S.K.: 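Below is the structure I would like to discuss, written out as structure tokens.
Lettering of chains follows the sequences in order, A, B, ..., and the numbering in each one begins at 1. These numbers were taken from a predicted model, which means no experiment stands behind them. What you see below is based on every heavy atom in this structure, not just the backbone, and it leaves out hydrogens, waters and symmetry mates.
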Number of protein chains: 2
Amino acid sequence: MARSSTAAETPEPADESYDLAEQVGFIMRQAAQRHVSIFNEIMGADLTPTQWAVLARLYQDGGSSQNLLGRQTAMDAATIKGVVDRLLKRKLVQTKPDPEDGRRLIVELSPAGVDYTRELLPKAETVTKVTLAPLATNQRATLIALLKQLR
Amino acid sequence: MARSSTAAETPEPADESYDLAEQVGFIMRQAAQRHVSIFNEIMGADLTPTQWAVLARLYQDGGSSQNLLGRQTAMDAATIKGVVDRLLKRKLVQTKPDPEDGRRLIVELSPAGVDYTRELLPKAETVTKVTLAPLATNQRATLIALLKQLR
DNA sequence: TGATCCTCGTTCGTATACGAACGATATTCC
DNA sequence: GGAATATCGTTCGTATACGAACGAGGATCA
């Protein structure tokens, strides 16, 4: 690194000042990877975080159209379709046409999906707990509040 | 599956207390998605965040073996291979066998890759700046410190 | 009514992400 | 020296993620 400590106020540190390991995006990707790893350990490899998001959302709010469900779980139309298809194959969700709108496909939990989701809820809470374990209690709320601002 | 074990004396407050929208994993996934979206807008669609991570790492530290490079950029062996292959096809990196270890493949920036990376550095800084824009200055350091603890 | 525009679901292509398995090469340890 | 073990790069399969394009259905307004 060239000298820049005394000549100081040069607002032009660009090149040498960029450290990949200090960029939010890079750090956040690693934090997310660790979270997914924890999720897989606790929930089992047969369910992914996105699939769980769909189940949990349907469990909380009941059925909705496929695209709306995607918006509620942060997936675009192409992605939610794949997720719903895989849940359909396992008969955890079921679909039906919307009688009020010929374009819409209503997605809802199957009875088996309701049971399955209810049984997994405690584990899902554990996932969050383990993910946040490295933080002190007050730090957890801070992190979540900050992350929400970045959405 | 066996029928749901008739709502026995489960003391669970669990069910109703789980709100998907409040789970770190879910919120972090959305924050990461927004970051990637910002990345694509600023850096251009021809380079992905992971590809940039590789270029930036090689630019900072010089060449390294493919697997080590993967560890430094938070990718497993299978993933880093695909990323390196795509950068190779664009001639932004080049490879050579490690003379000291017959298993290793050394990956380094090509001359064109050095220029390309240097030109993109200012934009990469902008990506971080825009991503963190919703936060106050002191909050940015807090967020990064907390995320680092979750890795 | 018809034209325009929007939304919905679908498909295609590309790029992470990662578990699992494999052969080739290094290292360790007896 | 040689066997057990570890690491390296590769390949396969599956699952997000999303831009782009498409046809079908719905809403708006002249």
Side-chain angles (χ1 to χ4, degrees), chain A residues 25-26 28-41 43-55 63-90 95-107, chain B residues 25-26 28-41 43-55 64-90 92 95-107:
Chain A
F26 185 66
M28 191 159 49
R29 187 160 63 87
Q30 292 177 76
Q33 285 175 358
R34 168 137 179 68
H35 166 73
V36 173
S37 168
I38 291 169
F39 182 98
N40 289 333
E41 278 175 29
M43 302 286 276
D46 54 334
L47 196 75
T48 65
T50 41
Q51 289 170 7
W52 169 250
V54 168
L55 295 183
S64 66
S65 78
Q66 186 173 279
N67 275 11
L68 176 58
L69 180 60
R71 269 175 246 126
Q72 293 170 337
T73 53
M75 293 174 235
D76 75 352
T79 301
I80 190 66
K81 193 205 182 313
V83 175
V84 166
D85 281 351
R86 282 167 221 116
L87 292 175
L88 269 176
K89 196 169 0 177
R90 292 177 59 185
T95 60
K96 62 183 180 188
D98 185 337
E100 294 174 2
D101 190 332
R103 301 167 301 178
R104 292 204 176 106
L105 184 67
I106 293 181
V107 183
Chain B
F26 185 66
M28 192 160 48
R29 185 159 65 87
Q30 292 177 77
Q33 284 175 358
R34 168 135 179 70
H35 166 72
V36 173
S37 169
I38 290 168
F39 182 99
N40 289 333
E41 278 175 29
M43 302 286 276
D46 54 334
L47 197 73
T48 65
T50 41
Q51 288 170 7
W52 168 250
V54 167
L55 295 182
S64 65
S65 77
Q66 186 173 278
N67 276 11
L68 175 58
L69 180 61
R71 269 175 247 127
Q72 294 170 334
T73 51
M75 292 175 235
D76 76 351
T79 302
I80 189 66
K81 191 202 185 313
V83 175
V84 166
D85 281 352
R86 280 166 222 119
L87 293 175
L88 271 174
K89 196 169 0 177
R90 292 177 60 184
L92 294 174
T95 61
K96 62 183 179 187
D98 185 336
E100 295 174 2
D101 191 332
R103 301 167 301 178
R104 292 203 176 105
L105 184 67
I106 293 180
V107 184

S.K.: At under 4.0 Å, does any side-chain N or O of B:R86 touch on OP1 or OP2 of C:dT16?
M.R.: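 For C:dT16, OP1 or OP2 has a side-chain N or O of B:R86 closer than 4.0 Å.
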S.K.: Answer yes or no: does a side-chain N or O of A:R104 lie under 4.0 Å from OP1 or OP2 of C:dG9?
M.R.: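 For C:dG9, OP1/OP2 do not have a side-chain N/O of A:R104 under 4.0 Å.
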S.K.: Under the side-chain hydrogen bond (donor to acceptor under 3.5 Å, both in side chains) criterion, do A:N40 and A:S37 qualify, and how do the steps go?
M.R.: CA-CA 5 Å; A:N40 289 333; A:S37 168; over 6 Å; no
S.K.: Would you mind telling me which of A:I106, A:D85, A:L105 makes a side chain to side chain contact (heavy atoms under 4.5 Å, CB included) with A:T95?
M.R.: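 It is A:L105, the one option of A:I106, A:D85, A:L105 that forms the side chain to side chain contact (heavy atoms under 4.5 Å, CB included) with A:T95.
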S.K.: Between B:R86 and B:G82, is there a donor-acceptor pair closer than 3.5 Å when you use the side chain of the first and the backbone of the second?
M.R.: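 Yes.
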S.K.: Taking 4.0 Å as the cut-off, does a side-chain nitrogen or oxygen of B:T48 come that near to OP1 or OP2 on C:dT16?
M.R.: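 So the side chain of B:T48 is within the cut-off, an N or O lying under 4.0 Å from OP1 or OP2 of C:dT16.
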S.K.: Name the nucleic acid region contacted by B:S65, choosing base, sugar-phosphate or nothing; use a 4.0 angstrom heavy-atom cut-off, strictly under.
M.R.: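 Since only primed, P, OP1 and OP2 atoms lie under 4.0 Å of B:S65, the category is sugar-phosphate.
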S.K.: Taking any heavy-atom pair under 4.0 Å as a contact, classify B:N40: base, sugar-phosphate, or nothing.
M.R.: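 Nothing, no heavy atom under 4.0 Å.
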S.K.: Between C:dT7 atom C1' and A:I106 atom CD1, what is the distance in whole Å?
M.R.: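 Answer to the nearest Å: 16 Å.
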S.K.: Take atom CD1 of B:I80 and atom P of D:dC8, then tell me their distance rounded to the nearest Å.
M.R.: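 Distance check: B:I80 CD1 to D:dC8 P gives 13 Å.
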S.K.: Give a yes/no on whether any side-chain N or O of B:Q51 is located under 4.0 angstrom from OP1 or OP2 of C:dT16.
M.R.: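 For C:dT16, OP1/OP2 do have a side-chain N/O of B:Q51 under 4.0 Å.
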S.K.: Rounding to an integer number of Å, can you tell me how far A:E100 CD sits from C:dT7 P?
M.R.: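 Checked: the CD to P distance equals 19 Å.
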S.K.: Quick one: B:L88 CG to C:dA15 P, roughly how many Å, whole number?
M.R.: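 To the nearest whole Å, that distance equals 14 Å.
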S.K.: Can you check the A:E41 CD to C:dG19 P distance for me, whole Å?
M.R.: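 For the pair A:E41 CD and C:dG19 P, the rounded distance is 10 Å.
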S.K.: With distance as the sole test, does A:Q33 use its side chain to make a donor-acceptor pair with the main-chain N or O of B:A74 at under 3.5 Å?
M.R.: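 The answer is yes, because a donor-acceptor pair under 3.5 Å joins these two groups.
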S.K.: Give a yes/no answer on whether the side chain of A:T79 brings an N or O atom under 4.0 Å of OP1 or OP2 in D:dT16.
M.R.: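 Result: no.
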S.K.: What is the distance, to the nearest angstrom, from the CG atom on B:L87 to the P atom on C:dT14?
M.R.: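 Taking CG of B:L87 and P of C:dT14, I get 17 Å after rounding.
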S.K.: Between atom CE in B:M75 and atom C1' in C:dA15, what is the gap in whole Å?
M.R.: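 About 11 Å, once rounded to whole Å.
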S.K.: Starting from the 5' end of DNA chain C, give me the residue, A:A78 or A:D101, whose nearest nucleotide shows up first.
M.R.: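 The 5'-side residue here is A:D101.
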S.K.: Compare the minimum distances between each of D:dG19, C:dA17, C:dG19 and the side chain of A:D76, then state the nucleotide with the smallest one.
M.R.: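 For the A:D76 side chain, the nearest candidate turns out to be D:dG19.
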S.K.: Could you check A:T73 against B:L105 and say which one's nearest nucleotide on DNA chain D is further toward the 5' end?
M.R.: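 Here B:L105 is the residue nearer the 5' end.
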S.K.: Hey, does the side chain of B:R71 come within less than 4.0 Å of D:dT7's phosphate (OP1/OP2), counting only N and O?
M.R.: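 No, outside the criterion.
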S.K.: If the cut-off is 4.0 Å, is A:Q66 near the phosphate of C:dT10, judged by side-chain N/O to OP1 or OP2?
M.R.: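 Checking A:Q66 against C:dT10: at least one side-chain N or O falls below 4.0 Å of OP1 or OP2.
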S.K.: Do A:M75 and B:R29 come close enough that some side-chain heavy atom pair is under 4.5 Å?
M.R.: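 Yes, at least one pair of side-chain atoms sits under 4.5 Å.
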S.K.: Would you please confirm or rule out a distance under 4.0 Å between OP1 or OP2 of C:dC6 and any side-chain N or O of A:R103?
M.R.: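 For A:R103, the contact criterion (side-chain N or O under 4.0 Å from OP1 or OP2 of C:dC6) is not met.
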S.K.: Verify side chain to side chain contact (heavy atoms under 4.5 Å, CB included) between A:V54 and A:L69, making sure each step is shown before the conclusion.
M.R.: CA-CA 7 Å; A:V54 168; A:L69 180 60; 3.8 Å; yes
S.K.: Atom CG of A:D46 to atom C1' of D:dT14: distance rounded to whole Å?
M.R.: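 A:D46 atom CG is separated from D:dT14 atom C1' by 14 Å.
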S.K.: Compare the minimum distances between each of D:dT11, D:dT16, C:dA26 and the side chain of A:T50, then state the nucleotide with the smallest one.
M.R.: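 That would be D:dT16.
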S.K.: Using a 4.0 Å heavy-atom cut-off, does A:V83 contact any base of the nucleic acid, only the sugar-phosphate backbone, or nothing at all?
M.R.: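 The residue A:V83 makes sugar-phosphate contact but no base contact.
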S.K.: With DNA chain C as reference, determine whether A:R29 or A:D85 sits nearer its 5' end, using the nearest nucleotide of each.
M.R.: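 It is A:D85 whose nearest nucleotide is closer to the 5' end.
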